[in-house]
Amino acid sequence: MRNHSHEYLADVIAKTEGEAFHKFIQRAAVYREPVGATAFVGLGGEQFLDTGVDLTLVEREEVTRDEFVYWVTPVIRDAMWGNLTADEKLEMHAHAYQWYDAWISGSSESDYRYLEEAVRHALEVGNIRGACPHVRALGQYFDRMVLYRQGRAIMETVAVRVSDAVIEEAKAEKDIAVSLFLNTYTTSLWKLGDLKKAIWYLEKELAIKLEGILFIFHGNYAFMHHGFLVKPGMTHLENACNCHSCESRNPCLLTVKKFFTLLF
């Protein structure tokens, strides 16, 4: 239950520190997880973080020596966030996604909470391609935990938004992250017995790879070339496929479907 008296008092306290600080607290509320000080760069600087901590509007925790994480006090976060306009919220979602994306890319350790937040913020601003690598990592995390249905559920939130336009963008930008995500999602569907949907998403994956088709399934590589299946360890000659005279590099989807059905 929301505590409106706490929200009101927090709003009054924030306003007494000036409009810049008040707006900083509202913007900082975009983060639901504790994050480092660098996440707030561009929102007002570390001096506002210290002020927020002193006024108990921001919480701080030391994770290692001289390294802290911060977050707006949960009891007032929703109220502060609700004071922003729709455009300001979109701007903050984009800001938060960029921070999470950079943190994940530069970190040697995995934090599934940060992955979830990166996906959430990417979806809020319609950055479907940006969500793909992080939701794929989440799916793999749940797979390792043998939580297949949870992995499928979170990947589905992104998969349903991989439209034809997103696929065309991925092809134009040579963005392999989208096809890798679709591959992981397809594998998840297969494990849960949804072969029809798995084939449908496999076609989406292959649509991104029209030249030199390569798709990865269960850690193995299989080339689909002009209707021939080339398995690991086999050569083109063994499959009677003359690559030099072949007129098309496009995959034969019927062959892909047959391969998928027979293999699994």
Side-chain angles (χ1 to χ4, degrees), residues 2 6-8 10-53 55-60 68-107 111-138 154 157-158 160-163 165-166 168-170 172-173 175 177-178 181:
R2 292 178 60 176
H6 285 175
E7 293 172 358
Y8 173 75
D11 199 51
V12 171
I13 293 172
K15 286 179 179 177
T16 62
E17 293 296 317
E19 181 59 29
F21 176 76
H22 191 211
K23 184 61 69 175
F24 166 78
I25 293 295
Q26 293 172 356
R27 290 172 174 170
V30 69
Y31 295 106
R32 300 189 306 188
E33 294 291 338
V35 292
T38 58
F40 302 94
V41 172
L43 306 186
E46 291 189 25
Q47 72 275 16
F48 282 153
L49 277 179
D50 293 336
T51 301
V53 171
L55 295 174
T56 69
L57 302 180
V58 173
E59 297 186 22
R60 178 175 62 193
F68 300 89
V69 290
Y70 303 83
W71 64 103
V72 173
T73 302
V75 72
I76 67 169
R77 182 171 55 229
D78 289 345
M80 290 297 179
W81 177 248
N83 288 328
L84 294 178
T85 66
D87 287 342
E88 287 174 327
K89 289 179 179 179
L90 284 176
E91 180 185 355
M92 288 302 97
H93 280 305
H95 177 93
Y97 168 77
Q98 291 173 358
W99 185 84
Y100 280 117
D101 182 59
W103 188 94
I104 293 167
S105 299
S107 177
D111 189 328
Y112 79 92
R113 297 171 306 166
Y114 279 15
L115 290 171
E116 288 180 331
E117 288 300 288
V119 172
R120 180 175 74 90
H121 292 299
L123 292 181
E124 287 287 351
V125 296
N127 184 1
I128 310 306
R129 286 169 50 206
C132 283
H134 303 307
V135 78
R136 176 176 182 249
L138 268 177
I154 194 166
T157 63
V158 176
V160 296
R161 296 181 63 176
V162 179
S163 62
V166 172
E168 289 303 314
E169 288 178 7
E173 298 295 328
D175 186 354
V178 178
F181 159 64

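The structure presented is a predicted model; accordingly, all values stated were derived computationally and were not measured.
- Looking at heavy atoms from C-beta onward, Thr56 lies out of side-chain contact with Thr73 at the 4.5 angstrom threshold.
- A pairwise comparison of heavy atoms in Cys132 and Val158 identifies SG-CG1, 4.1 Å as the closest pair.
- Note that CG of Leu138 and OH of Tyr112 are 10.0 Å apart. Values are rounded to the nearest 0.5 Å.
- With Phe68 as the aromatic partner, Arg60 meets the cation-pi criteria of under 6.0 angstrom to the ring centre and within 45 degrees of the ring axis.
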Val30 and His121: CA distance, side-chain angles, deciding distance, side chain to side chain contact (heavy atoms under 4.5 Å, CB included) verdict: CA-CA 9 Å; Val30 69; His121 292 299; 3.6 Å; yes
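- A side-chain contact (heavy atoms from CB on, under 4.5 Å) with Ile128 is found for one member of Val166, Val160, Val135 and no other, namely Val166.
- Side-chain contact check for Trp99 versus Val41: every heavy-atom pair is 4.5 Å or farther apart.
- Side chains of Phe48 and Lys23 form no contact here, defined as non-hydrogen atoms less than 4.5 Å apart.
- Here the CZ atom belonging to Arg136 is positioned 12.0 Å from the CG atom belonging to Leu115, to the nearest 0.5 angstrom.
- Counting only heavy atoms from C-beta outward, the side chains of Tyr70 and Val53 approach each other to under 4.5 Å.
- The closest side-chain heavy-atom distance from Trp103 to Val35 is not below 4.5 Å.
- Between the Tyr97 side chain and the Gly130 main chain, a donor and an acceptor come within less than 3.5 Å of each other.
- The nearest pair of heavy atoms linking Arg129 to Ala170 is CD-N, 4.3 Å.
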Test log, rule side chain to side chain contact (heavy atoms under 4.5 Å, CB included), inputs Val119 and Tyr100: CA-CA 9 Å; Val119 172; Tyr100 280 117; over 6 Å; no
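- Counting heavy atoms from C-beta outward, Leu57 and Val72 have side chains that stay 4.5 Å or more apart.
- Atom NE2 of His93 is separated from atom CZ of Arg120 by 6.0 Å, given to the nearest 0.5 angstrom.
- If you take CG on Leu84 and CD on Gln26, they are separated by 5.0 Å, rounding to the nearest 0.5 Å.
- Expressed to the nearest 0.5 Å, how far CZ of Arg27 lies from CG of Leu43 amounts to 7.0 Å.
- Side-chain atoms of Glu59 and Pro74, non-hydrogen and from C-beta on, do get closer than 4.5 Å to each other.
- Using a 4.0 Å cut-off between charged side-chain N and carboxylate O, Glu116 and Arg113 make no salt bridge.
- The shortest heavy-atom contact between Ile104 and Ala118 is CD1-CB, 4.0 Å.
- Note that NZ of Lys89 and CG of Asn83 are 8.5 Å apart. Values are rounded to the nearest 0.5 Å.
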Criterion ring-ring contact (aromatic ring centres under 6.0 Å, His included) on Phe40 and Tyr31, from CA distance to verdict: CA-CA 10 Å; Phe40 302 94; Tyr31 295 106; 5.4 Å; yes
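- With hydrogens and angles ignored, the 3.5 Å screen pairs a side-chain donor or acceptor of Thr85 with a backbone N or O of Glu88.
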Intermediate values then yes/no, side chain to side chain contact (heavy atoms under 4.5 Å, CB included), Glu33 and Tyr114: CA-CA 8 Å; Glu33 294 291 338; Tyr114 279 15; 4.2 Å; yes
